[in-house]
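Everything on this sheet refers to the single structure shown next.
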Number of protein chains: 2
Amino acid sequence: MGKHDHESLTEALRRAGQKLTPQREAVYSVLLDKRDHPTVDEVFHRTRERMPGVSLATVYNCLETFVGCGLVRQVNHEREPTRYCPNLAPHAHFRDQETGRVYDIDLPPRMLETLRRILPEEFQTEAVEISFHGKRRR
Amino acid sequence: MGKHDHESLTEALRRAGQKLTPQREAVYSVLLDKRDHPTVDEVFHRTRERMPGVSLATVYNCLETFVGCGLVRQVNHEREPTRYCPNLAPHAHFRDQETGRVYDIDLPPRMLETLRRILPEEFQTEAVEISFHGKRRR
DNA sequence: CCTAGAATTGGAATGATTCCAGATATCAAG
DNA sequence: CTTGATATCTGGAATCATTCCAATTCTAGG
């Protein structure tokens, strides 16, 4: 985890009134090191390699905290285990139904704006999720 | 359930090589009678009022069958229980985070087309989900 | 250095969903 | 209308991601 990343973690935690802990640093660095939308379980195992004592509950806690701070996004597809994504730029997700793998899809600049505009005005949107699924030709 | 609806059920089941059963008719009519995106549990209780013997497992089976036939859509938001929706027109969903209620949002004609076009070509889409969440001013 | 409040931990609890094996019902064919 | 092959239904057990809990440990401000 680079210095810059470390600072954005510290900064985001402070802004949300949360403490910096070794566990949070470890989990955050796991997310940054391999940006492949891991499940909680995957994050848990990767974190254990660096910090053998962490508990699953803590990994859940850390991830929830990060989502609350706006440091990472949750990615839910159907009923599958939740995945986590440190890509903060506006993007959609594509899930390959054959491998289960999730890909980030960049959105054109005005897309979210355009989408929001289709909502009747009594709906005040806080978040928009766009997800595709299908097959990815390799 | 009107005659027309009954026929589309029968027809869709036949097309998929499935049988028509009283339970499937009951569950389907429950979905059509109140188009409010019920959870499996809600569908289960409503169905019991008409057919006291149905089992929860059967309600799960029926709903899964309908999804397979293209008669209804699943609506997943975060980790909440799956909801079911008999609206087949292309539309997005808005979830009111205060009540948990889900609303259908009609999509302009070319919207899905436009969205599909942002995918790099190795991605072959089968389905697109668009979901908003936020507060609904009453 | 102290301490209040927050975070971590392991294990138990929850709850939606799936699985199972036996009983029953559908429908195509005769 | 009857029959048989096969799909469906049922209740209960099993699964599994996630949440909860109470006890312990840690963080950071003063």
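Here is the naming used below: chain letters follow the sequence lines, and residue numbers restart at 1 for every chain. Every heavy atom of this structure was used, including side-chain atoms; hydrogens, water molecules and symmetry mates were not.
- When rounded to the nearest whole Å, the span between CE of A/Met51 and C1' of C/dT9 equals 13 Å.
- Going from atom CD of A/Glu64 over to atom P of D/dT19 covers 7 Å, rounded to whole Å.
- At whole-Å resolution of the value, CD in A/Gln74 and P in D/dA17 are 15 Å apart.
- Checking D/dT18, D/dT8, D/dT10 against every side-chain atom of B/Ser55, the shortest atom distance belongs to D/dT10.
- When the nearest nucleotides of DNA chain C are assigned to A/Val59 and B/Pro22 by heavy-atom distance, the more 5′-ward of the two goes with A/Val59.
- Considering only side-chain atoms of B/Arg14, the nucleotide from C/dA28, C/dC19, C/dT26 that sits closest is C/dA28.
- Electrostatic pairing of A/Arg50 and A/Glu25 does not count as a salt bridge here, judged by no charged N lying under 4.0 Å from a carboxylate O.
- Set against C/dA16, C/dC27, C/dG11, the side chain of B/Lys19 has C/dC27 as its closest nucleotide.
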Inset, instruction - Go through the steps to decide whether B/Asp104 and B/Arg73 satisfy the test salt bridge (Lys or Arg N to Asp or Glu O under 4.0 Å), and finish with yes or no. - result: CA-CA 12 Å; B/Asp104 284 357; B/Arg73 282 175 56 186; over 6 Å; no

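- A/Arg136 forms no cation-pi arrangement with A/Phe94, by the criterion of a distance under 6.0 Å to the ring centre and an angle within 45° of the ring axis.
- One finds a side-chain N or O of B/Thr21 lying less than 4.0 angstrom from the OP1 or OP2 phosphate oxygen of D/dC9.
- An OP1 or OP2 oxygen of D/dA17 is reached within less than 4.0 angstrom by no side-chain nitrogen or oxygen of A/Thr39.
- Within the structure, every side-chain polar atom (N or O) of B/Thr58 is placed at least 4.0 Å from both OP1 and OP2 of D/dC9.
- Counting only heavy atoms from C-beta on, B/Val54 has its side chain closest to D/dT10 among D/dT10, D/dT27, C/dC27.
- Remark: aromatic rings of A/Phe123 and B/Phe132 are distant, center separation not under 6.0 Å.
- Residue A/Tyr60 contributes atom OH, which lies 14 Å from atom C1' of C/dA13 at whole-angstrom precision.
- The shortest distance between the side-chain N/O atoms of A/Gln18 and the OP1/OP2 oxygens of C/dA7 is below 4.0 Å.
- Side-chain atoms of B/Arg95 and B/Ser131 form no donor-acceptor pair, as typed in the model, at a separation below 3.5 Å.
- Between the CG atom of A/Leu56 and the P atom of C/dT14 there is a distance of 18 Å, rounded to whole Å.
- Put simply, CG on B/Leu20 is 16 Å from C1' on D/dT6, counting in whole angstrom units.
- Along DNA chain D, the nucleotide closest to A/Val40 and the one closest to B/Gly53 are compared, and the more 5′ of them pairs with B/Gly53.
- Between D/dA17, D/dA7, D/dG11, one nucleotide has an atom nearer to the side chain of B/Arg79 than all others, and that is D/dA17.
- The phosphate of D/dC26 (OP1 or OP2) has no side-chain N or O of A/Gln23 nearer than 4.0 angstrom.
- If you check C/dT26, C/dA7, D/dT18 against the side chain of A/Thr82, the one that comes closest is D/dT18.
- A straight line from CG of B/Asn61 to P of C/dT17 spans 13 Å, rounded to a whole angstrom.
- Put simply, CG on A/Asn76 is 14 Å from C1' on C/dA16, counting in whole angstrom units.
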